[in-house]
Amino acid sequence: MNLNNYIVLSGLLFSIGAVGVLVRRNAIVMFMSVEMMLNAANLAFVAFAKNSGTYDGQVVAFFVMVVAAAEVVVGLAIIMAIFRSRRSASIDEANLLRL
Amino acid sequence: MDLVFWIPATLAVAGALGMVLSKRAVHSALFVALSMINLAVLYLNLSAPFLGMVQIIVYTGAVMMLFLFVLMIVGVDASDSLKETIKGQRLAATLIGGSFVAVISSMLSSTITTLQSDLATETINAGGNVQAIANLIFGRYVLAFEATSALLITAAVGAMVLAHRERAKPKLTQRETSKKRFEDYALAGKHPGPLPATGVYARHNAVDTPALLPDGSIAPNSVPGPMQARGSVRPVDEYDLQEVKDLSKGELVIELDHEGDHESK
């Protein structure tokens, strides 16, 4: 059991999620990429908790999960509201605030 | 080789890559579910059984199903359009993403040399994992836990407010819809009757099978719109087409024998 492997995996997943947010234009896929980044952070928390032999990292990961669930609920409701008014889930369509 | 790390890790990375690379949002959602399940295995591996179970229940069970529900509402043909609305956006995004990967990897490479490389081998779950987490949540982190409850109820109310829609016009009665249908027929020539049914052949009668007109061409609207948008209309069998043509020319006659079976000459 090597801590470095877990940390490298966490960084890899986080990078893939970040690239997904930047490259994809579909709001739902971008949301999934954000979830992937949150999960990568969780993995690092749990790995460090195991390394230090305490539970604080696991508790923080648990709170991250709760916040992520709440965030998904509100975010998907916003995406649905935008889709209703614009008939599109592409974030480039929502440009009302643009100068 | 530590297979219980490497197998889930490979699958998790594969799921993440599939999420970014697959064109349809539904495929992305399924790839994310794959990633989440494998992360749960990794949590179990890191002696966090409670988090592993919560990961499966909350992420693959609740969050990804929520994503799939929204995808069903937003539409199956909601794939990314290939044209860029902002010029050079894709290139810039790839460049910035690549530099971000470089930053992360350089940070990791400087960090992992200073980390003690082996995970603590002594079991940290001596008094029970769930009990220890409960002690922390209801002890040191009880304020955060209470704030979480406020967050959850705010999210639930917010989602209801955002997803609620007032009916702008009163619901049409059956009489009004019928009147409107024939108004459309009179003004725009829209067919007032039902749409043509899908094709029914001996081999398949699924909804992706188009109906054929007497001349052998495909009847428009006989396949539901979303399936046409996805391009999953079943191609017409050449043999069936030839049969229809021969029948219409009178070169092929189908006779029924007295038992009701088809017999073609």
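From a predicted model like this one, the values you see are computed outputs, not experimental measurements. Hydrogens, waters and symmetry mates are skipped; everything else that's a heavy atom, side chains included, is used. Here is the naming used below: chain letters follow the sequence lines, and residue numbers restart at 1 for every chain.
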Donor + acceptor pair across side chains of [X], [Y] (<3.5 Å):
| X | Y | answer |
| --- | --- | --- |
| A/D56 | B/Y141 | yes |
| B/N135 | A/Y55 | no |
| B/Q55 | A/N42 | no |

Region of [X] in contact with chain B, defined by heavy-atom distances below 4.5 Å:
| X | answer |
| --- | --- |
| A/M32 | both |
| A/V46 | both |
| A/F62 | both |
| A/V67 | both |
| A/I28 | both |
| A/L13 | side chain |

Flag the pair [X] / [Y] as yes when at least one side-chain heavy-atom distance between them is below 4.5 Å, and no otherwise.
| X | Y | answer |
| --- | --- | --- |
| B/N45 | A/Y6 | yes |
| A/M80 | B/L162 | no |
| B/N129 | A/Q58 | yes |
| B/T154 | A/V74 | no |

Would you check if the side chain of A/R84 reaches a backbone N or O of B/A163 as a donor-acceptor pair within less than 3.5 Å? yes
For B/L143, does the CG atom have more than 12 heavy-atom neighbours from other residues, nucleotides or ligands under 6.0 Å away? no
